[in-house]
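We name chains A, B, ... by the order of the sequence lines, and we start the count at 1 in each one.
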Amino acid sequence: MSDIFPKWTNRLPLMAAVAAPILGLTAIAGITYYVTPKYTRVGYQPKQPVAFSHAIHAGQLNLDCRYCHNGVESSWFSNIPSTSTCMNCHSQVKKDSDKLALVRDSFASGKPIEWVQIHKVPDYVYFNHSVHVNRGISCVHCHGEIQKMDEVAHAKPLSMGFCLECHREPEKYIRPNDLVTKLDWKNTGFDGKKAVHDWKVQPGQSCSTCHR
Amino acid sequence: MRKFLVYFLSIWALAVVTVVSVAGLRGGLSRKPPLEVFPDMDRQPKLRPQTTAGFAGFADGKSSRVHPAGTVSRESARALDETATGKKADGAWVDANPLSVTAELVRRGRERYDIYCAPCHGLAGDGNGFTTKFGMAAVAKLHDERLIKMADGEIFNTITYGKNLMYPYADKLVPNDRWAVVAYVRALQVSRLGKKEEVPDAVRATLK
C-alpha cells in the first residue's frame with residue numbers, strides 16, 4: 001500500500017503553493033504584454049509591390065499628404081493614390097527606373113497596383129478621416145511619423161483605448177487646421193484648450209459614436 | 001524542496017526566455033499580418049473602397065467601380081454648365097471666373113495650388129518646382145504673356161484634362177476648387193504686373 005504515493009508527494013501541496021502563483025503571475029504578465037494591439041498590430045510592415053518611400057516623397061521632397069491621399073479631407077476614407085497620380089511625375093521623373101516598372105505596366109494596362117493595406121479597424125467600428133483632419137487632428141497621432149518611413153509600418157495600436165485617450169482630452173493633440181499634414185509640427189504656444197472651446201470640438205465618448 | 005525549486009525556476013526561466021525570444025518585444029517590425037485574437041465580427045462580407053470585392057457581381061473584382069461605358073453620373077449630368085466645363089454654350093472659353101472672386105476663394109485656391117501645382121510650377125508660378133530638378137521638363141512658367149492673356153476657361157480646362165505633358169487634375173480638384181486655383185493663378189500673375197506707382201507711398205520709399 002505504502003508504495004502508491006512515494007514520500008515526496010507529501011510536499012506536493014507546498015510545491016503547488018509555490019509554483020501556482022509564479023505561473024499565474026507569469027501568464028497574466030505575458031497576456032497583458034502580448035495579447036494587445038500594442039503588440040499584435042504595432043510594427044506590421046508588409047512588403048509592398050512597389051518600393052515606394054514616404055521618406056523620399058513626403059519627407060525629403062516635402063510633398064503634401066493630400067497630393068496623393070486626396071480624399072482624406074472630404075470623405076471617411078483616405079484613398080491610396082491611383083497609378084495615374086504616380087505618373088503625373090514619373091512619366092518624366094526616373095521614367096526608366098526598374099523600381100517603377102510595375103507602375104508603368106499598371107498605367108498601360110489599367111490593372112491596379114495591389115498595395116497591401118496596413119491600418120484596418122474592425123468592420124464594427126465606424127471611423128471617419130474627414131471629421132478628424134478638418135478639426136485639427138494630425139495624421140501623426142494615428143499613423144506615426146510617416147514622413148520618416150521608407151516602408152510604412154503600423155505605428156499606433158488603434159485600439160478602443162487609444163481612440164478614447166484622445167476623445168477624452170482632445171486639447172492635448174489639437175493643432176491649427178492648416179498644419180494637419182505637417183507631421184513634424186512642434187507646438188510652440190498654440191492653446192489647445194482655447195481651440196477646443198472656440199471650435200466647439202466635442203469628440204463623442206458614447207458607444208454609438210464609433211459603433212453605429 | 002530545494003532541488004524542486006532549482007528545477008522549477010530554471011524551467012520557468014527557460015520558458016520565459018524562449019517566449020520572449022520567439023515573440024520579441026512590442027513594436028518590433030514584422031511582415032506577418034496582425035493576429036486577430038477574437039475575430040468575431042472583425043471582417044464582414046461588405047464592400048470597402050479600393051479592395052477586391054469578393055463579390056461575384058463584378059467580373060474584374062474591383063470594389064471601386066468606374067462608370068460603365070456610355071453612362072454619366074447624375075452629378076455631372078446636372079452640372080454641364082459653364083462652372084463645370086469652362087466653356088460657354090457655343091463652345092468658346094469662359095472669359096472670367098464664374099465664381100465670385102472673394103478673398104476666401106483666393107485663400108482656398110492658394111492652399112490647393114500649394115498642394116497640387118507647386119511641386120512642378122513652383123510656389124510663385126515660375127515653373128521651378130522641385131520636380132524640375134529631377135527631370136520634369138517643359139513645365140510652363142505661369143507668368144508667360146500667353147498664359148496671362150489666356151481665358152480663365154482655358155486654364156480651367158488645362159487643370160481638368162491636362163495638356164501635352166501635364167496630366168489631368170480633375171480627380172483631385174472638384175470644379176469649384178479648380179476655379180479657386182484659377183483665381184489664385186491670376187493673383188500670382190497680377191503680383192508681377194504691378195507698377196511702381198501703384199505701391200503706397202510709405203512702402204515705395206523702402207523699395208530699392
Side-chain angles (χ1 to χ4, degrees), chain A residues 8 11 14-15 18-19 22-23 26 30 33-47 61-68 70-71 74-75 77 79-80 82 84-85 87-89 91-95 110-112 114-118 120-124 151 153-155 178 181, chain B residues 1 4-5 8-9 12 15-16 19-20 23-37 39-46 48-52 60 62 64 66 111-112 114-116 118-120 130-139 162 165-169 171-174:
Chain A
W8 66 267
R11 292 197 298 274
L14 185 62
M15 290 176 178
V18 174
I22 298 185
L23 292 180
T26 317
Y33 190 79
Y34 283 126
V35 189
T36 147
K38 284 186 189 143
Y39 171 74
T40 55
R41 282 189 200 138
V42 173
Y44 175 42
Q45 188 184 47
K47 184 129 194 65
L61 301 175
N62 210 5
L63 261 181
D64 194 288
C65 312
R66 291 166 290 181
Y67 185 94
C68 292
N70 54 297
S74 53
S75 107
F77 181 67
N79 61 305
I80 298 295
S82 61
S84 65
T85 303
M87 291 304 279
N88 286 345
C89 293
S91 57
Q92 294 194 51
V93 176
K94 298 241 172 201
K95 69 173 182 212
K111 200 177 160 301
E114 295 188 15
W115 303 105
V116 184
Q117 190 183 352
I118 303 160
K120 237 189 235 182
V121 287
D123 283 346
Y124 53 75
E151 290 180 85
H154 208 305
D178 48 345
T181 54
Chain B
M1 191 66 200
F4 162 75
L5 270 183
F8 173 73
L9 286 180
W12 175 83
V16 170
V19 168
V20 172
L25 298 179
R26 277 182 185 174
L29 296 179
S30 156
R31 292 288 190 203
K32 287 200 284 310
L35 209 66
E36 297 193 317
V37 184
D40 307 323
M41 285 174 71
D42 284 2
R43 305 292 159 225
Q44 301 161 15
K46 66 181 181 187
R48 283 177 49 98
Q50 295 191 317
T51 50
T52 41
D60 60 5
K62 293 182 205 168
S64 299
V66 290
E111 186 191 77
R112 298 292 113 178
D114 288 356
I115 299 172
Y116 297 108
C120 295
F130 72 78
T131 54
T132 54
K133 296 192 194 70
F134 294 95
M136 195 80 199
V139 176
L165 291 175
M166 175 173 148
Y167 279 52
Y169 279 79
D171 59 332
K172 308 203 182 299
L173 295 164
V174 295

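With a 4.5 angstrom heavy-atom cutoff, Y67(A) touches chain B via backbone and side-chain atoms both. Both the backbone and the side chain of Y44(A) come within less than 4.5 Å of a heavy atom in chain B. Looking at V16(B), only its side chain comes within 4.5 Å of chain A, counting heavy atoms on both sides. Both the backbone and the side chain of R66(A) come within contact range of chain B, each with at least one heavy atom under 4.5 Å from a heavy atom of that chain. Heavy atoms of D171(B) lying under 4.5 Å from chain A belong to its backbone as well as its side chain. For P49(B), the parts lying under 4.5 angstrom from a heavy atom of chain A are both the backbone and the side chain. Using a 4.5 Å cut-off between heavy atoms, L173(B) makes no contact with chain A at all. With a 4.5 angstrom heavy-atom cutoff, E114(A) does not touch chain B via any of its atoms. Both the backbone and the side chain of N79(A) come within contact range of chain B, with heavy atoms under 4.5 Å apart. Neither the backbone nor the side chain of S74(A) comes within less than 4.5 Å of any heavy atom of chain B. Proximity to chain B (any heavy atom under 4.5 Å) is restricted, for V121(A), to the backbone atoms N, CA, C and O. The parts of I22(A) that come within reach of chain B are both its backbone and its side chain, each placing non-hydrogen atoms under 4.5 angstrom from that chain. Y116(B) touches chain A through backbone and side chain together, each having a heavy atom under 4.5 Å away. Proximity to chain B (any heavy atom under 4.5 Å) is restricted, for A153(A), to the side chain, taken from C-beta onward. Neither the backbone nor the side chain of P39(B) comes within contact range of chain A; no heavy atoms are under 4.5 Å apart. For K95(A), no part lies near chain B; criterion is any non-hydrogen pair under 4.5 Å. Looking at L165(B), the atoms closer than 4.5 Å to chain A (heavy atoms on both sides) sit in the backbone and in the side chain alike.
Among L35(B), I115(B), L25(B), the residue making the largest number of heavy-atom pairs under 4.5 Å with chain A is I115(B). The greatest number of non-hydrogen atom pairs below 4.5 Å with chain A, out of C120(B), S64(B), P119(B), A137(B), is found for A137(B). Contact tally against chain B (heavy-atom pairs below 4.5 Å) for L23(A), L14(A), N70(A): the top residue is N70(A). Between chain A and the residues D114(B), V20(B), T131(B), the largest count of heavy-atom pairs under 4.5 Å involves V20(B). Among the candidates T36(A), V116(A), T26(A), V35(A), the residue making the largest number of heavy-atom pairs closer than 4.5 Å to chain B is T26(A). Heavy-atom pairs under 4.5 Å with chain A were tallied for A15(B), G27(B), G135(B), A23(B); the largest tally goes to A23(B). Heavy-atom pairs under 4.5 Å with chain B were tallied for V42(A), T181(A), V18(A), D178(A); the largest tally goes to V42(A).
Side-chain N or O atoms of Q45(A) include one that pairs as donor or acceptor with a backbone N or O of E151(A) at under 3.5 Å. Side-chain N or O atoms of Y167(B) include none that pairs as donor or acceptor with a backbone N or O of C89(A) at under 3.5 Å.
Side-chain contact check for D40(B) versus Y124(A): every heavy-atom pair is 4.5 Å or farther apart. Using a 4.5 Å cut-off on side-chain heavy atoms (C-beta onward), H154(A) and P34(B) make no contact. With contacts defined as side-chain heavy-atom distances shorter than 4.5 Å, the pair Y33(A)/R26(B) qualifies. Considering only heavy atoms from C-beta on, R48(B) comes within 4.5 Å of F77(A) through its side chain.
R31(B) CZ to K47(A) NZ: the interatomic distance, rounded to the nearest 0.5 Å, is 5.0 Å. Remark: K120(A) NZ to R43(B) CZ distance equals 5.0 Å, nearest 0.5 Å.
Considering only residues two or more places apart in sequence or on other chains, F8(B) meets the ring pair (Phe, Tyr, Trp, His ring centres under 6.0 Å) condition with F4(B). Scored by the side-chain hydrogen bond (donor to acceptor under 3.5 Å, both in side chains) test, K172(B) finds T85(A) as partners (sequence neighbours excluded).
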